[in-house]
Each structure stands twice: as C-alpha cells, then as structure tokens.
Amino acid sequence: MSTTTLTHDDAHHHDAPKGWRRWLFSTNHKDIGTLYLLFALTMLFFGGASAMVVRAELFMPGIQLVDPDLYNNLVTNHALIMIFGAVMPAAAGLANWMIPMMIGAPDMALPRMNNLSFWVLPAAATMMILSFVVPFFPGGGTQINTGWTLYPPLSVQVGMSMDFLIFAIHLLGISSVLASINIIVTLLNMRAPGMTLMKMPMFCWTWLVTAFLLILVVPVLAGGVTMLLFDRHFGTSFFDAAGGGDPVLFQHLFWFFGHPEVYILLLPSIGVLSHVIPTFSRKPLFGYNSMVGAMLAVATIGMVVWAHHQYTIGMSLGAVTYFMIGTIIISIPVGLMIFNFIATMWRGSMTFETPMLFAVAIVLMFTFGGLSGVMLAVVPADMQYHDSMFVVAHFHYVLMPGAVFGLFAGVFYWLPKWTGHMYNERLAKIFFWTNVISFNITFFPQHFLGLAGMPRRIIDYNVMYTEFNVISSIGGIVFGLSHLLFLYIIISTIRGGKKAKAKAWEGAKGLEWELDSPPAFHTWTVAPTIK
Amino acid sequence: MFFRSKTLIGSTSAALGLLAAGGARAEWGLNFPPPAAGVAQEIFDIHMMTMGIATVLLVIVFAFVFYSLYTHRKSRGYEADQHFHETWFGHWSWVIIPVMVLGVDLTIASKADAVLKKVWEVPEGKDFLDVKVTGHQWWWEFDYLDHDIKVESRYIPEEESQELYLREVDNRLVLPNNTKVRFLHTSADVLHAFWVPELGFKKDAIPGYVTETWADLNREGVFRGQCAELCGTWHSRMPLVVEVVSEERFAEWKEEQNQLKVAALAEASADKTWSMDELMAKGKEVYDTKCAACHQVTGLGLPPAFPALKDSPVAKGPIAGHLDIVLNGKEGTAMQAWGSMNDLEIAAIVTYERNAWDNNTGDVVQPADVKQAR
C-alpha cells in the first residue's frame with residue numbers, strides 16, 4: 001500500500017461536521033462505531049426490561065402481571081432484541097471503532113455503505129418494536145407468542161405483528177450482510193504495509209471469521225422467514241403438511257442460521273479477550289496460531305451441526321448420531337481457546353482492572369456453559385434436557401459470558417481510548433461484582449428447575465418449582481438494575497474524568513495505543529509500517 | 001377467573017415462608033426423578049455420567065485458574081515469564097490439549113452411542129402396547145390403538161387440583177406395568193412435545209408427522225410431566241399424567257372405559273328429540289371442558305386470538321354457519337375442527353352457545369341436524 005498523501009481539501013475533510021449532519025451523513029468509522037454502540041446500549045435496556053417483566057411474572061406460581069400471550073410476546077421480544085439489537089450491533093460498533101485503528105487504515109473500505117448498514121438498524125428496530133405493540137391497537141391481530149424461533153404452524157396463526165417481525169428480520173439481515181462485506185473488504189485490503197494476515201490483531205481475525213459466517217447464514221434465515229411470509233399470505237405450503245409441506249423444514253432453515261449465529265455472537269468477544277488478557281497479564285497471547293486455527297475450526301464445524309437444536313423431531317439414528325458427534329467435537333477447538341486464555345494468564349504478572357475481571361469471569365463461566373453444552377449434545381440425555389429450563393440456563397451461561405461480558409470487557413478496555421477519559425475504576429468494579437454475582441443467582445438455579453421437570457416458555461408453574469424461581473427472579477431483578485450503573489459509568493466517562501494516556505494500560509500492545517486518547521477524527525492517514 | 005385470585009403480595013409472603021421452611025420440604029427437585037422404565041434408566045445413567053465428567057473437568061479448570069490468579073499476580077511481585085509460549089509445552093500444546101479433549105469426547109460419545117442404539121429406535125417385535133398421543137391446543141388425546149379406547153386429558157383448574165395444579169389432569173394415561181409401550185406422537189394443530197421425565201423420552205408432536213418412542217415400564221406409580229414445546233397461549237396448561245398400574249388393574253380399567261363408551265354411544269344414537277333444558281345442561285358440561293380454554297366460561301373469549309361468543313355474529317347468525325365452524329374449524333386460526341365429537345355433543349354445544357350469556361336466540365339444535373350438516 002502506498003503512503004503518498006492524498007490531495008484534497010484539508011479544511012473540508014479533517015474536522016468533524018457539526019450538528020445532526022455529522023451523525024446522519026457520517027462516513028467516519030469512529031462516529032458510526034459510536035452510533036452502533038449507542039444503539040446497542042439503548043436496545044440492551046429494551047431487551048432487559050422485557051426480561052425483567054418475564055422474571056417478575058415467574059417470581060411466583062400463578063399468573064399475576066401479564067396474560068399468557070403477552071408473556072410469550074415478551075419472551076420473543078427479549079431474545080430478538082438482545083441478539084439482533086444489542087449484541088450484534090455492539091460487536092459491529094467495536095469493529096467499526098477498532099478495526100481501522102488496529103490495522104493502520106484511515107477508515108473502513110466502504111464508508112458510505114458503512115453509513116447505510118448502520119442507518120438500516122433504527123428502521124429495523126422500529127419495525128420490531130411495532131411488531132410488539134401493534135396487537136394493542138384495535139384490529140392489530142394477535143401477539144407473537146412463538147418465541148424467537150418462530151416455529152410454524154404456530155407462527156402462521158399469529159396476526160399481522162408477525163409480518164412486521166419478518167420485515168424487521170429482513171432489514172436486520174441486510175444491515176448485517178452490508179457490515180460484514182465492509183469488514184471483509186477492509187481487513188483484506190486496508191492492512192498497513194507489513195501486516196500479514198498472521199500478524200493481524202486477534203480481534204480482527206475473529207471479526208473476519210464472524211463476517212464470513214454472517215454472509216453465509218443470514219440469507220438462509222431471510223429465505224426461511226420469506227417462505228413463512230408466503231405461507232401466511234400467498235397460499236404456499238412450505239411448512240404445512242396438509243399442503244405437501246413440512247413444518248420441520250423451517251426448523252432446519254432456522255437453525256442452519258441459528259447455530260452459527262451463536263458463534264457470530266461469541267467470536268467478537270473472544271477477540272476482545274485475546275487483547276484484554278495479554279494486556280493485564282503483561283505477556284503475549286499464548287498460541288496465536290492455534291487460536292486462529294481453533295476459530296476457523298469452530299466456524300467450520302459450527303456450520304454443520306445445527307440439528308442438535310432439534311433432536312426431538314424424530315430424526316433417524318444415523319442423523320442424530322452424526323449431529324451428536326459433530327457437536328461434541330466442537331469442544332476440541334473451544335477447549336483449545338479456553339486453554340490458550342488460561343495459558344496466557346499462567347506465569348503472567350496479572351492486575352485486575354475491570355476488563356480483566358470480566359475476562360477471568362468469562363473464562364470460568366464460559367467453561368461452565370460449555371460443559372453443560374457437552375451434556376446437551378448427548379442425544380439420549382438431551383431427550384430429557386430439551387426445551388427445559390436447563391437449556392435456558394445453559395445458553396445464558398454461554399451467551400452472557402461468551403458474548404455480553406466480552407463486550408462489557410471491550411467497552412471498559414477501550415473506553416479510555418474512545419473518550420480520552422479513564423472511567424471510575426471503583427464504580428466499575430462494583431458494577432462487575434453486582435453483575436456477575438446476580439447473574440449466577442439468576443441462572444444457576446434454572447439448571448435444577450430444568451432437571452426437576454420445568455419446561456421453558458411457560459408462564460405458570462406448579463408450586464414445586466417455587467423456591468428456585470423466587471431465587472432466580474430476585475437475582476434477575478438485581479442483574480437487570482445493575483446495568484443502570486453501567487449506563488452511569490459510561491455517561492460520566494464521556495463527560496469527563498482523569499485524562500487517559502495514549503497507551504491507557506501499562507501492558508497494552510497494538511497500533512490503536514499509538515494514537516492519542518481520544519484519537520483524532522481521522523487517523524492513520526499515513527499508514528504505519530509493521531516490521 | 002383468568003388471573004389468579006391470590007394477590008401478588010399474598011403469594012410473595014407465602015413464597016418467603018416456603019423459602020424459610022425450605023429445609024423442611026423434602027422435594028426441592030435437584031435432579032431427574034427416579035426412572036420408571038428401562039430406557040429411562042439408561043438415559044438417567046448417561047446423564048449422571050456426563051454430568052460427572054463435566055464436574056471433574058470444571059474442577060480442574062477452576063483449580064488451574066484460581067492457582068494462577070493467586071500466584072501470578074503483579075501485586076505479589078510476580079514477573080511475567082515472557083518466554084512461556086516458547087517452551088516445548090508452548091510449541092506442542094496445540095496438539096496436546098486437543099488430544100486430551102478428544103479422549104474425553106470419545107469417552108462420552110462412545111457411551112452415548114451405545115445408549116442411543118438401545119433406546120432410540122423401537123425394537124422389532126409385536127409385544128408392544130400401541131398408544132397414539134395427539135397434542136391439541138391445549139389438551140392431550142390418547143388412543144389405545146389395540147383396544148379401541150380413546151381418552152381425552154385436560155388440566156384441572158386450581159380450585160380443584162390445589163397443590164397439584166398444572167400437575168394433574170381429569171383423565172390420566174393409564175398403562176400396565178411390565179409392558180413395552182410404543183408411543184406414536186402426532187399433533188392436530190401446532191407443535192407440542194410429550195415429556196414425562198420418569199419415562200425418559202421427550203418427543204415432538206408434529207402435525208402431519210408420526211414420530212415414535214417407546215418405554216419398557218418397570219415400576220407402578222403416578223408420573224407427571226407436561227407439554228414441552230411452546231404451543232401458544234395455554235402452553236403451561238398441558239400437564240401429562242401417566243399412571244402405571246398392575247396388569248389386572250389395567251384390564252379392569254379397560255372394561256370401565258368400554259362401558260363408558262357404550263353408554264355414551266347409546267345416549268347419542270338414541271332416536272329422541274332433546275329438550276332445550278337437556279341440551280343446555282349437557283352443552284354447558286361439554287363447553288366448559290372443551291371450549292372454555294379459549295372462549296372462556298364467560299363466553300367473552302380472549303380477543304383478538306380467541307373471539308367472544310357472547311353476541312358473536314357466528315353464535316347469533318345462521319345455524320348452518322355455526323355448525324360448519326364447529327365441525328370443520330377455521331383455517332389459519334387456533335379454531336380446530338371438532339368433527340370427532342358425536343352428534344349429541346355438538347348439538348349440545350351449539351345450542352348452549354346460541355342461548356347462553358344472553359345470546360338467547362331460542363334456537364334448539366338436535367343431533368339429527370348435526371348429522372345432516374356433516
């Protein structure tokens with residue numbers, strides 16, 4: 001890549017535009033990254049609020065707060081908002097902010113498309129929120145009571161709000177695919193001279209793999225929900241056995257997307273950990289090459305094991321055996337990743353600032369969630385676990401540490417870089433401990449509920465399940481409220497605080513730490529050379 | 001009716017009381033209940049085995065992490081070993097670790113595979129009792145295919161079922177002990193799933209499909225489970241209660257069922273004209289069992305999903321249209337076809353719906369009218 005200076009009007013380009021134009025017309029990766037992150041933060045509270053209503057309803061046996069359809073609607077809404085509204089945009093926000101700075105590029109490769117891929121999101125979110133509220137208006141039809149999996153024939157019974165949701169999913173898919181294209185193009189073409197692929201920061205690697213996964217699987221979901229739309233309105237019978245279709249086909253399409261989606265949510269956070277743990281262990285990442293290999297293996301195997309979400313549909317012995325073995329095999333690369341993290345900490349010189357606290361919690365809790373995942377992979381045992389609260393406990397243990405805590409770690413790790421201010425470490429530690437402890441109080445008892453026979457997605461339960469539900473709900477309310485502290489820390493860090501140095505953390509390594517905190521509006525206009 | 005009468009505050013204090021007395025309560029339900037079938041025992045054993053392995057691995061990982069957290073700290077003056085990844089271990093860990101994990105995986109997978117081969121497919125042989133289990137929104141139907149017996153099973157409201165609310169049904173699935181049972185699962189509307197933990201298996205009920213599971217029952221008792229696949233509004237109200245009885249008791253039970261069936265048939269086929277009062281009384285009974293889950297005892301429904309029948313254009317409109325929707329259901333909604341009920345039941349329901357809740361059309365629909373409408 002050449003290092004010749006571009007000839008252009010400096011005054012026009014090097015200052016941030018003022019007012020709303022700066023954000024609406026933005027082609028600047030840092031501003032768009034900020035937009036993504038703020039959007040995700042907003043959605044986090046929407047999704048969290050619906051989860052808290054769910055937990056409040058489950059606090060006691062009986063139906064107290066909401067009616068069953070609203071309950072199921074909230075369950076659906078919680079999952080979709082958290083996955084598509086909070087975690088994925090937050091990861092995209094980190095990518096937008098960090099990738100150009102990490103690889104020494106002036107911006108993303110396709111800045112205008114970057115603008116589009118963000119601004120599709122608010123439209124999608126509006127559609128999704130409409131799908132939630134439309135039934136409350138006269139003639140609005142019934143509520144979406146299907147859960148986020150949208151299985152027909154139930155989803156064919158739902159009123160017009162399902163159509164809003166289908167279009168919301170289309171828009172979210174468009175946004176994800178555009179962002180992925182942009183990230184791939186950027187990573188493959190805009191790296192600083194000398195930065196070979198195998199010298200790329202690990203966060204960039206994780207996003208490269210994630211972006212490919214997204215491009216491969218999101219269209220499958222879009223196709224599946226489009227077929228659902230046709231079944232609902234245009235007389236097709238893709239999923240209707242009476243018309244020669246197959247209700248199970250939708251499940252295959254959904255999970256062909258849905259299982260890789262788990263890794264889409266997970267990998268960017270693995271990328272964050274690959275920076276946080278070495279920084280605070282003051283030691284390079286252990287096993288860079290094996291990390292890349294493990295990640296490629298996870299992504300590849302993860303594409304072909306989707307049906308372990310549907311062991312109970314009545315597949316043949318051969319099919320379930322294949323999906324079982326494939327799923328269990330995933331523990332090899334994932335185990336290697338966890339091992340590499342522990343080996344990075346091993347014989348390091350560790351300090352425990354908030355990002356590191358989250359990282360350690362992730363290593364421990366993700367291991368726990370991964371091991372219950374191996375239990376679930378075992379087909380005969382899954383005949384019991386399937387669709388019980390045990391599954392709910394499992395995937396929250398995977399997705400909260402694996403995805404969300406990783407994003408929290410990333411936010412605390414890079415917040416000084418973004419804002420130029422150090423966050424309040426004491427408050428952040430209080431947030432960490434409240435968050436992690438209440439998380440475990442919420443979800444650990446749900447394993448027992450599942451084993452004792454409580455299915456998921458029920459609004460009302462027998463008194464025998466009361467005790468653990470009470471514990472879980474109390475934990476859930478504390479967990480939900482603890483995020484207000486997170487919000488406060490972020491706002492106060494943006495507004496002020498101790499000045500952050502260019503290299504905010506003693507052990508930090510990488511190009512992004514050579515830039516000022518906060519970085520100039522345009523950075524790396526002259527590409528650095530990597531030795 | 002629809003919301004529980006207990007107040008939130010009342011139930012909260014009850015819960016805290018329960019928590020306080022938690023030690024005294026024996027059943028906190030920490031693990032699966034003891035199996036009641038050979039296949040369930042196999043499944044239970046592999047569950048315990050994988051959980052054991054998972055626990056050991058967890059302890060090992062936690063031990064390493066906590067040792068490191070304690071020892072390799074800057075505050076203890078520990079200097080980072082910058083060459084750790086260049087040792088022989090650093091060079092070969094990418095082989096060593098996967099091989100170790102593979103060993104664990106193979107242990108689990110080989111055992112799981114062996115169990116799977118034993119339990120997954122229904123073995124050859126004719127000595128099975130066949131029960132077809134059909135999921136409906138929101139009740140279960142059990143067809144004893146060899147004995148021509150049909151049982152409808154519905155949840156019992158809390159006032160009657162008390163402690164067993166959502167764990168008890170009006171008609172249980174009665175099965176003989178020491179018998180191999182083949183369950184054939186299907187659904188009349190949306191997805192459901194049959195789950196009784198003591199029997200080991202969970203299986204989806206899929207409309208248009210028949211899936212099968214089996215259980216070699218080896219213990220008498222009452223085993224409780226419920227629908228495990230989200231099936232709409234009242235998913236929580238689909239308990240499953242299996243009662244395994246001695247073979248003698250099962251023979252008696254079959255006889256009772258046959259007598260009930262004969263009596264019902266005789267009543268329905270009696271060539272008589274029913275009075276309004278008779279039909280209304282019978283109609284209320286059948287309506288409250290079969291229709292009230294959606295349309296409610298009050299006839300007010302739960303709009304928009306389940307329309308009200310009070311003042312409804314269907315219930316107050318032409319009889320033919322009303323009969324048609326009851327017999328054939330309404331496509332694309334939760335309203336299913338009820339044609340499997342006998343003429344008397346349908347006549348009673350339609351008469352009841354046309355006259356209850358101040359609908360007062362005065363129409364009396366006779367079983368003969370239903371026969372004609374079919």
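Below, chains carry the letters A, B, ... as their sequence lines are ordered, and counting in each starts from 1.
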Atom group of [X] that falls short of 4.5 Å from chain B, counting heavy atoms:
| X | value |
| --- | --- |
| A:P152 | backbone |
| A:E506 | side chain |
| A:A377 | neither |
| A:M291 | neither |
| A:V363 | side chain |
| A:F368 | both |
| A:T344 | neither |
| A:V158 | neither |
| A:R456 | backbone |
| A:S316 | backbone |

Heavy-atom pairs under 4.5 Å with chain A - which of [options] has more of them than the others?
| options | answer |
| --- | --- |
| B:K117, B:E121, B:K202 | B:K202 |
| B:L166, B:T71, B:V39 | B:L166 |
| B:H91, B:K203, B:R167 | B:R167 |
| B:T233, B:V210, B:T211, B:D189 | B:T233 |
| B:V119, B:V115, B:V61, B:L191 | B:L191 |
| B:V99, B:V101, B:D81 | B:D81 |

Contact part of [X] toward chain A, heavy-atom cut-off under 4.5 Å: side chain, backbone, both or neither?
| X | answer |
| --- | --- |
| B:Q137 | side chain |
| B:F66 | side chain |
| B:I97 | side chain |
| B:I206 | side chain |
| B:A109 | both |
| B:E79 | backbone |

I want to check something: taking the side chain as every heavy atom from C-beta on, are [X] and [Y] in contact at a cut-off of under 4.5 Å?
| X | Y | result |
| --- | --- | --- |
| B:M49 | A:V378 | no |
| A:H447 | B:M51 | no |
| B:W195 | A:S388 | yes |
| B:Y165 | A:V463 | no |
| B:H47 | A:L451 | yes |
| B:L30 | A:F468 | yes |
| B:L69 | A:F352 | yes |

Using the benzene-type ring in the case of Trp, are the ring centres of A:Y288 and B:H85 under 6.0 Å apart?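 Ring centroids of A:Y288 and B:H85 are no less than 6.0 Å from each other.
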Contact leader toward chain B among [options], where contacts are heavy-atom pairs under 4.5 Å:
| options | answer |
| --- | --- |
| A:L336, A:L317, A:T351 | A:L317 |
| A:N289, A:V248, A:V320 | A:V320 |
| A:S372, A:G348, A:A381 | A:G348 |
| A:V156, A:V374, A:V75, A:T146 | A:T146 |
| A:I313, A:V379, A:L364, A:T142 | A:L364 |
| A:I325, A:D246, A:L449 | A:D246 |

What's the spacing between [X] [atom1] and [Y] [atom2] if we round to 0.5 Å?
| X | Y | atom1 | atom2 | result |
| --- | --- | --- | --- | --- |
| A:L154 | B:H192 | CG | NE2 | 9.0 Å |
| A:N462 | B:E163 | CG | CD | 7.5 Å |
| B:Y78 | A:R347 | OH | CZ | 5.5 Å |
| A:S331 | B:I108 | OG | CD1 | 7.5 Å |
| B:I60 | A:T367 | CD1 | OG1 | 12.0 Å |
| A:I342 | B:Y67 | CD1 | OH | 14.5 Å |

I'd like to know whether A:N340 forms a side chain to side chain contact (heavy atoms under 4.5 Å, CB included) with B:W94, so could you lay out the CA-CA distance, the side-chain angles of the two residues, the decisive distance to 0.1 Å, and finally the verdict. CA-CA 9 Å; A:N340 283 341; B:W94 71 276; over 6 Å; no
Does atom OH of B:Y209 have more than 12 heavy-atom neighbours from other groups under 6.0 Å away?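 Counting other residues, nucleotides and ligands, OH of B:Y209 exceeds 12 neighbours.
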Crowded around A:F136 CZ? As in, over 12 foreign heavy atoms under 6.0 Å?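 More than 12 heavy atoms, drawn from other residues, nucleotides or ligands, come within 6.0 Å of this atom.
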Let's go through B:L102 and A:I329 carefully: what are the C-alpha distance in whole Å and the side-chain angles of both, what is the deciding distance for side chain to side chain contact (heavy atoms under 4.5 Å, CB included) to 0.1 Å, and is it a yes or a no? CA-CA 7 Å; B:L102 183 66; A:I329 291 293; 4.3 Å; yes
Search all heavy atoms of [X] against all heavy atoms of [Y] and return the closest pair with its distance.
| X | Y | answer |
| --- | --- | --- |
| A:G453 | B:Q226 | O-OE1, 4.4 Å |
| A:F339 | B:S93 | CE2-CB, 3.5 Å |
| B:G232 | A:N145 | CA-ND2, 3.8 Å |
| B:L116 | A:P380 | CD1-CD, 3.9 Å |
| B:V65 | A:M345 | CG1-CE, 4.0 Å |
| A:A241 | B:G208 | CB-CA, 3.6 Å |

Relative to the ring of B:F89, is the ring of A:F286 parallel (under 30°), tilted (30 to 60°) or perpendicular (over 60°)?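 A:F286 vs B:F89 ring planes: tilted.
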Is the backbone N or O of [Y] less than 3.5 Å from a side-chain atom of [X], with the two atoms forming a donor-acceptor pair by type?
| X | Y | value |
| --- | --- | --- |
| B:K74 | A:S349 | no |
| A:W346 | B:H72 | no |
| A:K283 | B:Q82 | no |

